[in-house]
Amino acid sequence: MPDARLSFLRLPSLRKGAALAATVGVIAVGFSAGVAVADDSAPAPVAAVAPIDLPVLPGLPALPELPALPGLPAPAPEGFLPAPPPVYENNLDGWIRQSLDVMRVHGIPGSYEGIHRNIMRESGGNPQAINLSDSNAAKGTPSKGLLQVIDPTFNAYHVDGTAFDIWDPVANITAACNYAAHRYGSMDNVNGAY
C-alpha cells in the first residue's frame with residue numbers, strides 16, 4: 001500500500017504546483033545571488049603574486065624583463081583630509097592671488113606688489129577699463145582690462161588654466177604677466193606703460 005503521507009503528489013495539479021514552486025525558488029535564489037555579487041561594492045583583496053621562473057623552451061626567445069611599476073604614494077594618515085582648493089574673492093585682491101597661483105604653476109615670475117602697482121596705474125582696478133584714445137586704439141586694437149592688454153598680445157601670451165577672454169580679470173592679469181616676463185623679465189620690472 002502506498003504511503004498515505006505522499007499521496008498528494010499523485011494529484012497532477014499539486015505535482016505541477018510543486019515543480020513550479022521549486023523552479024521559482026531556484027530562480028529566486030540564483031537571482032538574489034546575482035544581485036548580491038552585483039551589489040557588492042567592497043573591493044576584493046588583491047594578493048601579492050610571487051614571480052614564476054619558467055624554463056626557456058628551445059627555439060623560443062626568453063621573455064623580456066618588465067619594468068617595475070611606479071610606487072604608489074603613501075596612504076594619508078588616519079583622519080587626514082587633503083586641503084580643499086583655494087577659494088578666491090571676486091575682487092582685485094582675489095584676482096591677483098588667483099593669477100599668482102596660475103603663474104606659479106607655469107613658472108611665470110611676478111609679485112603681488114608688482115602686479116597691484118601696474119594695475120592701479122593702467123586701469124585703477126577696473127576690469128572693464130578700455131582705452132579708446134591711445135595709439136593702439138587708433139590702429140583698431142584698444143587696450144582692455146585691468147592691465148590694458150591688446151587683443152594680439154592677449155592671444156599670443158594667454159596662459160592655460162585661465163579663460164580665453166581678455167575681459168576675464170585673472171586671464172588678463174596672467175597674460176599680461178606672461179608678456180612682461182618674456183619682454184622685461186617680470187611684471188615687477190615694469191614701471192610705466194609697457
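What you see below is based on every heavy atom in this structure, not just the backbone, and it leaves out hydrogens, waters and symmetry mates.
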Participant: Provide the closest heavy-atom pair for Asn189 versus Tyr184 in the form atom of the first, atom of the second, distance.
Facilitator: ND2-O, 2.9 Å

Participant: What is the minimum heavy-atom distance between Asn118 and Gly192, and which atoms define it?
Facilitator: OD1-O, 4.5 Å

Participant: Just to verify, what does Phe164 make a ring pair (Phe, Tyr, Trp, His ring centres under 6.0 Å) with, not counting sequence neighbours?
Facilitator: Phe154, His158

Participant: Once you round to the nearest 0.5 Å, how far does OG1 of Thr174 lie from CE of Met187?
Facilitator: 10.0 Å

Participant: Is there a side-chain contact between Leu146 and Leu92 (heavy atoms, below 4.5 Å)?
Facilitator: yes

Participant: Sequence neighbours left out, what pairs pass side-chain hydrogen bond (donor to acceptor under 3.5 Å, both in side chains) with at least one residue falling in residues 100-112?
Facilitator: Tyr88-Asp101, Asp93-Tyr112, Asp101-Arg104, Ser111-Asp188

Participant: So do Asn136 and Pro142 actually touch side chain to side chain, heavy atoms under 4.5 Å?
Facilitator: no

Participant: For the backbone of Trp167 and the side chain of Asn172, can you confirm whether one donor and one acceptor N or O come within less than 3.5 Å of each other?
Facilitator: no

Participant: Could you tell me whether the side chains of Arg117 and Asn191 share a donor-acceptor contact shorter than 3.5 Å?
Facilitator: yes

Participant: If you round to the nearest 0.5 Å, how far is CZ of Arg121 from CG of Leu147?
Facilitator: 8.5 Å

Participant: For residues Ile115 and Cys177, determine if any side-chain heavy atom of one lies less than 4.5 Å from a side-chain heavy atom of the other.
Facilitator: yes

Participant: Could you tell me which residues satisfy side-chain contact (heavy atoms from CB on, under 4.5 Å) with Arg183, sequence neighbours excluded, listed by chain and number?
Facilitator: Tyr179

Participant: With a 6.0 Å cut-off (strictly less than), is the heavy-atom count around CD of Glu89, excluding the residue itself, greater than 12?
Facilitator: no

Participant: Is it true that a side-chain atom of Asn131 and a backbone atom of Lys144 form a donor plus acceptor pair closer than 3.5 Å?
Facilitator: no

Participant: Evaluate side-chain hydrogen bond (donor to acceptor under 3.5 Å, both in side chains) for Asn90 paired with Trp95, printing each intermediate quantity in order.
Facilitator: CA-CA 7 Å; Asn90 188 23; Trp95 301 326; 2.9 Å; yes

Participant: May I have the step-by-step check of side chain to side chain contact (heavy atoms under 4.5 Å, CB included) for Ser143 and Ile130, ending in yes or no?
Facilitator: CA-CA 6 Å; Ser143 304; Ile130 185 167; over 6 Å; no

Participant: Do Val149 and Leu132 land in one hydrophobic cluster if side-chain heavy atoms of ILVMFWY residues count as linked below 4.5 Å?
Facilitator: yes

Participant: Between Pro127 and Pro169, which heavy-atom pair has the shortest distance, and what is it?
Facilitator: CB-CG, 3.9 Å

Participant: Can His116 and Ile96 be said to form a side chain to side chain contact (heavy atoms under 4.5 Å, CB included), step by step?
Facilitator: CA-CA 7 Å; His116 188 269; Ile96 294 172; 3.9 Å; yes

Participant: Apply the side chain to side chain contact (heavy atoms under 4.5 Å, CB included) test between Asn178 and each candidate in Ile108, Thr153, Ile173; give the one that qualifies.
Facilitator: Ile108

Participant: Counting only N and O atoms by type, is there a donor-acceptor contact under 3.5 Å from the side chain of Thr162 to the main-chain atoms of Ala171?
Facilitator: no

Participant: If you compare all heavy atoms of Ala129 against all heavy atoms of Ser123, which two are closest, and at what distance to 0.1 Å?
Facilitator: CB-CB, 3.7 Å

